[in-house]
Structure formats: structure tokens, C-alpha cells
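Everything numeric in this text was worked out from a predicted model, so none of it was measured.
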Protein chains: 2
Amino acid sequence: MPATQKTPTIQDVARIAGVSTATVSRVLSAPDIVRARTRERVHDAIETIGFTPNIAAQSLRRRKVRTVLVALPNIGNSFFGPIVDAIERTCVERDYDVLIVNRRPESEDDSSLLTYFSSNRADGLLLFDGNAAQSNWTARVGNRELLFPTVNVCECIEGAGLPTVLSDNEGGVEIAIDHLVTKGHRRIGRVAGPVENVLNRQRGAGYSRALKRHGIEARGLWSVSGPFGFQTGREAADRFVELNDRPTAVFCDADEIAIGFISGLRSRGVSCPDDVSVIGFDDIPFAAQTSPPLTTIRQRHKELGRLSAELLMDMLDGRMKEVASHVVLPCELVERQTVRPISED
Amino acid sequence: MPATQKTPTIQDVARIAGVSTATVSRVLSAPDIVRARTRERVHDAIETIGFTPNIAAQSLRRRKVRTVLVALPNIGNSFFGPIVDAIERTCVERDYDVLIVNRRPESEDDSSLLTYFSSNRADGLLLFDGNAAQSNWTARVGNRELLFPTVNVCECIEGAGLPTVLSDNEGGVEIAIDHLVTKGHRRIGRVAGPVENVLNRQRGAGYSRALKRHGIEARGLWSVSGPFGFQTGREAADRFVELNDRPTAVFCDADEIAIGFISGLRSRGVSCPDDVSVIGFDDIPFAAQTSPPLTTIRQRHKELGRLSAELLMDMLDGRMKEVASHVVLPCELVERQTVRPISED
DNA sequence: ATGATGGCTGTAAACGATTACACAGCTTGA
DNA sequence: TCAAGCTGTGTAATCGTTTACAGCCATCAT
């Protein structure tokens, strides 16, 4: 039995191919500047000993790691699934790795993210968090200004001037409200996301504006908010059933909230859409599978993921001016069965 | 304006603290062997220039990267959310990074995973894929036998003898079938996962065994299979409604399938649980929110993630014999509202 | 013949950490 | 007074690449 062999290095390849390490390296990174015959010899050598470049050594020398850091508020939330999927696909296409971190609230500050850069673990950041470092993102470590390539996804740190890829939240909500109004609703409530969240502000603005446009007055009692998740919807349902003057339709800031809301309503004997219409936001995969299927506003998950990843990698590869781009994708109404027309009376 | 400063290295720290780089390194990795006073000076220096060790250099020297590779069949599938979440939490606790890859079927062979090791990108693998390299996992690259620390999660490569963490699939299905039988059902169908999948075999075995135990004969027409996902459920629903001799209950190999099935049924005017009882498998977060809430078999997602990650990191840190462990977690019935008792007639 | 040119390759110095080894100074015991 | 044994620290080699620089050879114009 052969002793545990060390994994082959570029030196081994060089020796076998009878060339210098420099040449091997060139074959790998700039094949066209080496003579065809030599190149072939090197390739053969690589093949026979099964050489793979050592990433650590490469990164050390190049001062790049070809890794993108994805910072999510909550991996578990199914909204992120398709987006992360798209990011991962886009990244591997360009030979980047994807490092994932959960930005749990407990974790003190944003400096934990910073260390991913100062320690050379990642070259760029895809940040799904608007409240985050609303402080000063381009942060300081010790006495140095450390700024690393970041693109905001979905949520935008206002005023930070970072490149951003997100949906037209305000417009999306307007589409939702318009739809409800078109169906005859004028008593429209809202179950919102967490108050401190940027999305809440943006969607809230859309909500207010649409209502105003239709000459409808917002009612405080009809709006509640909470974290993105089922629970918020269920709690909203509890509140709802105790209202003696109920809205006929409710807009939810997220599909998960909507689904929790409908589920909560149902367990208390209130039916959607018979007793109340509900419209969500996001169009997560489950939205089409609920009973009844959820009417909602679609965000373009795949594009959100793809565009943000590409933007970031472009920045990293120096393919673009560092001009901060700001792309906002349109939302779209997906009409299913949780909104029912109301007869004027 | 100060020119772009280079990020500080251990050398800078050494210079400022007036010690050698060796000492700085020791302060970082073996603090107790350096005199308290020196240690303090070093810490101060680190503080003032904001030094963070360069991971690439560390990895190169140590030949470890403190990174775990997580290979999922499909990030988008919500079943994985909570598991990956647990993995990530467990890993950061022990200062490991988490690298995620999607094992899409297109991607030729498993050797793509191998390169993560030969290139020193990851130290260990959390593999969610039983069919994978059923060939020979401890694979060969070039002429070398390359074996890297791997633990199978959820799905088990049979005969590979890898450390494994999974649920008692067979037992779980038996619990499901027993439940249905207890409720009076004896005409029990199944919507299975993909035929080539290990889970399919295991769950199929549980299904057959439970039926046999109850003296029930399985009927070919009542079993269909397909990929894990809604679509399989919907297609099963199409088949179902065309049956002129229908089962009264259906076991689905996954919640997503069950939800698609119910949704498909509903859109064709068949009600669950009025017309047919359905029981799922997994207890994904959505299961509790569907209308009606889904009766299902719970897998312990968090533990699956935590245990597998810990097992792997133990292996990596040399904390355990390389004896292949095989932990199987029990499943549990979660009774909700998609199973209705049937009256004997 | 000479010098210029250009294509291809080799030499060796980085990159930033870890660590075996050596050594200085101090204590201790004979 | 000296050998031995500790502590605590420094020196320098090493990990596996990349790349600036230099050099060699052939070709070609003069």
C-alpha cells in the first residue's frame, strides 16, 4: 500500500512536464502565451498526476479569493430560497464561491461581517439587510477606512449610496391596492412587516399613496405590523376577529404573513375569500399551492438574485465603473383566488 | 487624503509591539505561552492598527481552511431551510465557514465536489445526496485515492460506510400508515419521491411493511412517484381523480408533494379531508399553515443539521476516532387536519 | 555581420501566516 | 562556580502560487 501521498503541486507538474513552475502557472492562467507543444506537455502532466491549484496559495498571492459573501437575515425564510438559488447559479458560472452567513440580530454589530474582508475570506458582499449598518457601512477598522464591494439586495440602506438591486416595492403595493379597489373594496387593512424595516417604509408609502389616490382614508386600527413570518399573520388574525368594524380586504407585506393570516382566520372560523379578501407580496413558491391559492404581487426572485450577483462580480472583476447602480425591478400582480369582488351597496 | 493603505499584517503588529512575528502569532494561537506583559503589548498593537489574520495565508500554512462544504440537491426546496440554518449556526459557533453548492443534476459527476478538497477550499463535506457517488465516493483523482471527511445527511449512500445522520425513514412511514389504519383506513395510496432515490426505497420499505403488518395488500395503481416538489403532487392528483376505484387515504413522501397533491385535488373539486385523507412527511414550516393544516411525520430538522455539522467538525478537529457513526433520529406523528376517521362499513 | 525585434521560458521574489529550532537569561542545586 | 532546567522570545524555513524581470534563440532588416 502506498503511503499517503501529498497532494501534487505546481512544482510536481513542472518537474514532470520538464518546464518551470512559471510556465505551468501560465498554462493555467494565460494559455495563449505559451507554445502549443509546451502547453500540451503541461496539460498531460496535470492530467497524469491529477493536479488542482491550491486555492489558499492562489488567494494569498493574488489577494483575491473569488468568493462572494451572502448575508441573509434568515436563511430559513422561504422567500430567500429562489434568490439564493439564482445567486449560487450565477456565481458558479463565473467560478465564484458562495459563502453564506445568517445575520442573526443577536450578533452584535456589523463588524463581524467586516472581518470577512479584512481576513480575506470574501471579496464582495451581497447584503440583504436595510437596517444593517445604516450607521456607516463603509466602515472603519482600527484607524483605516475599509470599504469593500457591496451590493444591497431587496432592501436598500437609504442614503448609503450603495449599488442596489431591488423590487419596486412602492409600486408593487400600489398595484395590489389598485387591484383590491378594482374589485370593489374600499375598506382595506394592512399587515405590515417590522416597523424598523426599510421595506415597511417603502411598502407603507405605496399603501398610503394608493389609498389617497382613491380617496380612501387609512384607519389606524386596520394596520398592524410584526416580523416577517407566519406568526405575525396569525396574531393579526386574532386582532382581526375582534374588530367590530372590519375591513373587507387586507394587504399583507409578505406572503408568509398572508398565509399565517389566512390560516389564523380559518382556525377562528373566518373564511378567505368568503369573509375577507387577502393579497400578499412576494409570490413565494408556496403561494400557488395554498388553499385557496394566494393572490399576490410577484417579485422577480431569479432576476433579483442573478442581477445582484452579476453586478457584484462585475465590480470585483473590474468590469465596470464603480458608479453605484441602482436597479429596480417591476412587480406584477398574480391573480389567484384569495380576492373576491365585492358588490357595492 | 491618505493613500490607500495596505491592510496590516502580522509584521506590522510585530513592529509596533516591538516583538517578532512569531510572538504575535503565538499570542493569537497559544496565548498562555507568552508572558502577560508581552501579550498585552501585542494586543494593544493589534487593536490600534486593526489587524485581522489573513485567512489565505493561514490556510496555506496550516493546510486547513476551517470551511465546511454543504452540497444540497436543491437550495430552493424549503425542506432544507431549517437544516441549513442549524448547520450554519453550529458551524459559526466553532468558527467554521459554510460553503454552499447546489448539486444540480446537469453537473456531470461528483468530481466537481472533489475539487473543493483538492483545491483546499473546504475541509469536509456535508452531503445531502444518497444517489450521488453511489459509485465510489472515496474517489480517485488522477492516480491518487483521495478521501475526505464526509458525512451523509438525510440521505445515506448505502454501503459506502460513511458517517451518517438521518431520520428513521422506514419507521416514520410506519407511524404514518399506522395512524391511517387507526383512523379506519385500509385503502391507502402513496405518492413517492423519485424512484432512483434512497429515500424512496427506505420509505417504500416502511410502507410495504406496515401494510403487510396490517394485512393490507398494496395496489400498484395507487402508487406513483416523481421528484420532490409540488408538481409531483399535482400530477398525482390528476391521476387520482381518474381512478374509478380510489383509496381513502394517501401517504405522500414529502410535505411539498402532499401540499401539491391537496392543491391539485382541490382545483379539481376533490376535497381533503372530506373526500380523501392525506398525510405528509417532513413537517416543513408550511405544513402547519396550509388549509387545512397538514397532518405529517416530523423530522427533527434542527437536530439533523446540528448533529451532522458537529460530527463533521469533530472529525475535522480530530476529536474523534474516525469510526463511522451512524445516527438515526426518530420521527414523530404531528396530527393536524388532513386525516379524517373513516367509518367501517 | 550587426542590431533590433519578438516569442517563449526560466529565476527568484513576493504574498502573510506558522513553527521547528536555537538561544538568552534566570533560577536552582551541587 | 558551573551544569542543568525553565521561560520566553527571535530567526528563518516553509506552505503553493503568481509575476516582474531577465535571458535565450530565431528571424529579419540593414
Nearest-Å distance for atom pair CD1/P, residues A/Ile46 and D/dT17: 10 Å
Whole-Å distance separating the CG atom of A/Asp32 from the P atom of C/dG6: 18 Å
side-chain N/O A/Thr23 vs C/dG10 OP1/OP2, d < 4.0 Å: yes
Stem regions touching DNA chain C, defined by at least 3 consecutive Watson-Crick or wobble G-U pairs below 3.5 angstrom: C:1-30 with D:1-30
A/Asp317 side chain to A/Asp314 backbone, donor-acceptor under 3.5 Å: no
A/Ile55 CD1 - D/dT17 C1' separation (whole Å): 11 Å
Atom-pair distance (CG on B/Leu28; C1' on C/dA17), nearest Å: 10 Å
Interatomic distance where CG belongs to B/Leu60 and C1' belongs to C/dA14 [whole Å]: 13 Å
Any B/Arg63 side-chain nitrogen or oxygen under 4.0 Å from OP1 or OP2 of D/dC15: no
Side chain to side chain contact (heavy atoms under 4.5 Å, CB included) involving B/Asn120 - partner list, sequence neighbours excluded: A/Asn54, B/Val65
Base D/dT18 to side chain A/Arg61, donor-acceptor N/O within 3.5 Å cut-off: yes
C/dT9 OP1/OP2 closer than 4.0 Å to side-chain N/O of A/Thr38: yes
Residue met sooner reading DNA chain C from 5', once A/Thr21 and A/Val34 are mapped to nucleotides: A/Val34
Side-chain donor-acceptor pairs under 3.5 Å in residues 72-84 of chain A, sequence neighbours left out?
from: A/Asn74; atom 1: OD1; to: A/Gly76; atom 2: N; distance (Å): 2.8
from: A/Asn77; atom 1: OD1; to: A/Phe79; atom 2: N; distance (Å): 2.8
from: A/Ser78; atom 1: OG; to: A/Glu256; atom 2: OE2; distance (Å): 3.2

Distance (rounded to the nearest 0.5 Å) between B/Glu155 CD and B/Leu199 CG: 4.0 Å
Stepwise side-chain hydrogen bond (donor to acceptor under 3.5 Å, both in side chains) check, B/Asp123 with B/Tyr116: CA-CA 8 Å; B/Asp123 307 307; B/Tyr116 278 89; over 6 Å; no
Distance in angstrom units between A/Asp12 CG and D/dC15 P, rounded: 11 Å
Phosphate contact (C/dT18 OP1 or OP2) by B/Gln58 side-chain N/O below 4.0 Å: yes
Rounded distance (Å) that lies between atom P of C/dA14 and atom CD of B/Gln11: 12 Å
Close side-chain approach of B/Arg121 and B/Leu99, heavy atoms under 4.5 Å: yes
Residue whose nearest DNA chain D nucleotide is more 5′ - B/Gly18 or A/Val24: B/Gly18
Pairwise distance CZ(B/Arg94) to OG1(B/Thr90) - rounded to 0.5 angstrom: 9.0 Å
Nearest-nucleotide 5' precedence on DNA chain D, B/Ile33 against A/Ala57: B/Ile33
Spacing of B/Leu126 atom CG and B/Met313 atom CE [to the nearest 0.5 Å]: 9.0 Å
Under-4.0 Å side-chain N/O to phosphate OP1/OP2 contact, B/Thr9 with C/dG16: no
side-chain N/O B/Arg35 vs D/dT9 OP1/OP2, d < 4.0 Å: yes
DNA chain C: 5'-proximal contact among B/Arg26 and B/Pro53 (nearest heavy atom): B/Pro53
Separation of C/dC15 P from A/Asn54 CG (nearest whole Å): 18 Å
